[in-house]
Amino acid sequence: MTPRRISVFGATGSIGANTLDLVRRDPEAYDVVALTGHANIADLAEAAVVLRADVAVTSDGDRLDDLRVALGGSGVEAAAGQGALLEAADRPADWVMSGIVGVAGLAPGLRALRHGGTLALANKESMVCAGPLMLADAARYGATLLPVDSEHSAIFQALVGEDRDAVEKVIVTGSGGGLRDWPVTRLPDATPADAGSHPNWDMGQRITIDSASMFNKAMELIEAHELFALPPERIETVIHPQSLVHALVQYVDGALMAHMGAPDMRHAIGYALHWPHRRPLPVDRLDLAAMARLDFHDPDPERYPAIGLAFDVMRAGALAGAVFNAAKEAALDRFLAGEIRFTDMARDVARVLDVAQGEGWLDADAPDLDMILQADRRARECLRDLPRT
Ligand code: NAD
Ligand code: MG
């Protein structure tokens, strides 16, 4: 069998490392085209050399020399900067992992769609900020977009072979994050360290804090709305502390199809890698008897105001997703810098959405990449300029 050409954007992150773990187990099956990273040059170079990538790219334009040195005489090409990232996305590949964190993943993902292969989408910001554009470009270039976020992979799997018109609603589960047992009154005091540890999933720092605030779930609800073309009233979320049921699809006959599995991103990544087939994956199997119970409860809106904001964003449409995501990223930056409290993040994101709506810069017809990035910048500035209270 000819090896499949694959590229991994965000190869040094949590999603990237899990992707490369699967690739390293079967190196003959893959011909690695491009691997990208940002600051972690040593890991990027090591992976590129071992997997004999054509090119290794750091998005940090100042790190080209470091990367060249780290690649030594390996024959792997080195490149750096935002332009190099887009050029890497232009190199044809059959399967591309979109595993960069943040809105920085949007432009490379859009470029990769152009060669009509498969884009495995971990970068949820792409769907939140630019869902209609992603879907339109995928259709235009004949590319396949596969969800990698575990909940969306679960929904996607629960939809296989079913009639989409028979879907009544989808239910996205969430663990409730690292602070779910804290009294609501204590949440303003939570530090980045408190919010940065997750009960079930081992992920990057930003997404872990976003889990504690449920901003991550809010993003995922918007992502589900875009990916599966579902109106907001057909999307729900429920807290499920064990993180074993990843999502459910309810059909018009009352059947509820749940997707269960160990909390290990290699499942969703491997499913997207081997789709439409299922292949053996090195993930733990669930022992139902040992698990004994599964708990579910509704999220408390006072504890998780981000969830309500997600539904506002879905109803507003247009640039609301881009503004929401940027404000959320900027609020997280301020929280990490110790400038605002944990609970101020949702308050400030809501204020930015209000300002944008009031000033009329949420509206746009079929926004393109430039308009989306402009809304992103404006939302960040707006958040930074909010009065500190
Ligand atoms: P991470 O922080 O662990 O890794 C991010 C990757 O992006 C790294 O390779 C980093 O070098 C690169 N990067 C960072 N800033 C960049 C920039 N400005 N330009 C280009 N590259 C940059 O993040 P992660 O947890 O792997 O998450 C990646 C994406 O996948 C996010 O959108 C996240 O929401 C989504 N996701 C992650 C998980 C998970 O388990 N980690 C699960 C579901 C979805
Ligand atoms: Mg998820």
Side-chain angles (χ1 to χ4, degrees), residues 7-21 34-45 47-48 56-63 67 79-86 88-89 97-109 111 119-129 147-156 172-175 177 196 198 200-211 214-224 227 237 240 243 245-247 259 261-269 271-272 325 328-329 332-333 336 373 376:
S7 289
V8 180
F9 284 77
T12 55
S14 158
I15 289 287
N18 279 310
T19 306
L20 295 185
D21 175 78
L35 298 182
T36 87
H38 191 69
N40 189 342
I41 300 296
D43 278 6
L44 175 62
V57 184
T58 163
S59 43
D60 182 346
D62 296 333
R63 305 297 298 273
L67 182 58
Q82 289 303 316
L85 209 58
L86 296 180
M97 167 53 74
S98 173
I100 289 176
V101 64
V103 74
L106 173 57
R111 281 287 269 266
L119 186 69
L121 196 66
N123 179 268
K124 62 192 79 187
E125 294 85 355
S126 295
M127 286 320 287
V128 171
C129 302
V148 171
D149 216 340
S150 56
E151 296 78 2
H152 306 75
S153 175
I155 295 169
F156 188 74
V172 177
T173 60
S175 69
H198 197 283
N200 307 322
W201 295 91
D202 177 15
M203 308 183 288
Q205 185 201 32
R206 298 184 70 96
I207 185 174
T208 303
I209 297 177
D210 280 352
S211 297
M214 277 188 103
F215 263 115
N216 181 50
K217 208 51 55 185
M219 295 281 288
E220 292 180 351
L221 295 173
I222 304 167
E223 184 185 8
L227 257 177
T237 185
H240 166 46
S243 296
V245 177
H246 304 308
H259 181 283
D264 183 331
M265 283 310 293
R266 291 176 304 174
H267 172 74
I269 295 167
Y271 185 78
N325 174 64
K328 171 210 87 120
E329 287 190 14
L332 178 55
D333 289 338
L336 288 171
L373 295 180
D376 176 280

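Whatever order the structure lists ligands and atoms in, that order sets their numbers, starting from 1.
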Near [X], which atoms of ligand 1 are under 4.0 Å from a heavy atom of that residue?
X      : value
Asp149 : 43 (C), 44 (C)
Ala104 : 17 (C), 18 (N), 19 (N)
Gly37  : 11 (O)
Thr12  : 8 (C), 9 (O), 10 (C), 11 (O)
Ala122 : 30 (O), 32 (O), 35 (C), 36 (N), 44 (C)
Lys124 : 32 (O), 34 (O), 44 (C)

Rounded to 10°, how many degrees is the angle OD1/Asp149-the Mg ion (ligand 2)-OE1/Glu151? 100°
Would the distance check show the side chain of Thr58 and the main-chain N or O of His38 forming a donor-acceptor pair, the cut-off being under 3.5 Å? yes
Is there a donor-acceptor pair under 3.5 Å between the side chain of His267 and the backbone N or O of Ala262? no
Nearest non-hydrogen partners of [X] and [Y], listed with the distance:
X      : Y      : value
Ala88  : Ala34  : CB-CB, 4.0 Å
Leu44  : Ala56  : CG-CB, 4.3 Å
Gly109 : Leu119 : O-CD2, 3.7 Å
Thr19  : Met97  : OG1-CE, 3.6 Å

May I ask you to check whether [X] has an N/O atom sitting below 3.5 Å from an N/O atom of ligand 1?
X      : result
Gly102 : no
Ser14  : yes
Gly13  : yes

Is the closest heavy atom of Ile207 to ligand 1 under 4.0 Å? yes
So for Gly16, does at least one of its heavy atoms come nearer than 4.0 angstrom to any atom of ligand 1? no
Protein contact of [atom] - nearest heavy atom, named by residue and atom, plus distance:
atom                    : value
atom 23 (O) of ligand 1 : Val101 CB, 3.8 Å
atom 25 (O) of ligand 1 : Gly204 N, 3.4 Å
atom 21 (N) of ligand 1 : Ser59 OG, 3.4 Å
atom 26 (O) of ligand 1 : Ile15 N, 2.8 Å
atom 28 (C) of ligand 1 : Gly99 O, 3.3 Å

Under 3.5 Å, is there a donor on one side chain and an acceptor on the other for Asn216 and Lys124? yes
Can you tell me if Asn200 and Ser243 form a side-chain donor-acceptor pair at under 3.5 Å? yes
Glu151 and side-chain hydrogen bond (donor to acceptor under 3.5 Å, both in side chains): which single residue from His259, Lys217, His246 fits? Lys217
Anything under 30° is parallel, anything over 60° is perpendicular, the rest tilted; go ahead and classify Tyr271 against Phe156. perpendicular
Side chains of Glu125 and Glu329: does their closest heavy-atom pair fall under 4.5 Å? yes
Report yes if some heavy atom in the side chain of Thr237 is under 4.5 Å from a heavy atom in the side chain of Met214; otherwise report no. yes
Could you name the option among Leu35, Val148, Ile100 that has the heavy atom nearest to atom 29 (C) of ligand 1? Ile100
Measuring from atom 11 (O) of ligand 1, which candidate in His38, Glu223, Gln82 has the nearest non-hydrogen atom? His38
Of the side chain and backbone of Met265, name the one, both, or neither that has a heavy atom under 4.0 Å from an atom of ligand 1. side chain
May I ask you to identify, for Glu125, whether its side chain, its backbone, both or neither come under 4.0 Å of ligand 1 on a heavy-atom basis? side chain
The Mg ion (ligand 2) to Glu220: nearest N/O/S atom name: OE2
Any chance you could measure Ile15, atom CD1, to Asp149, atom CG, to the nearest 0.5 Å? 7.5 Å
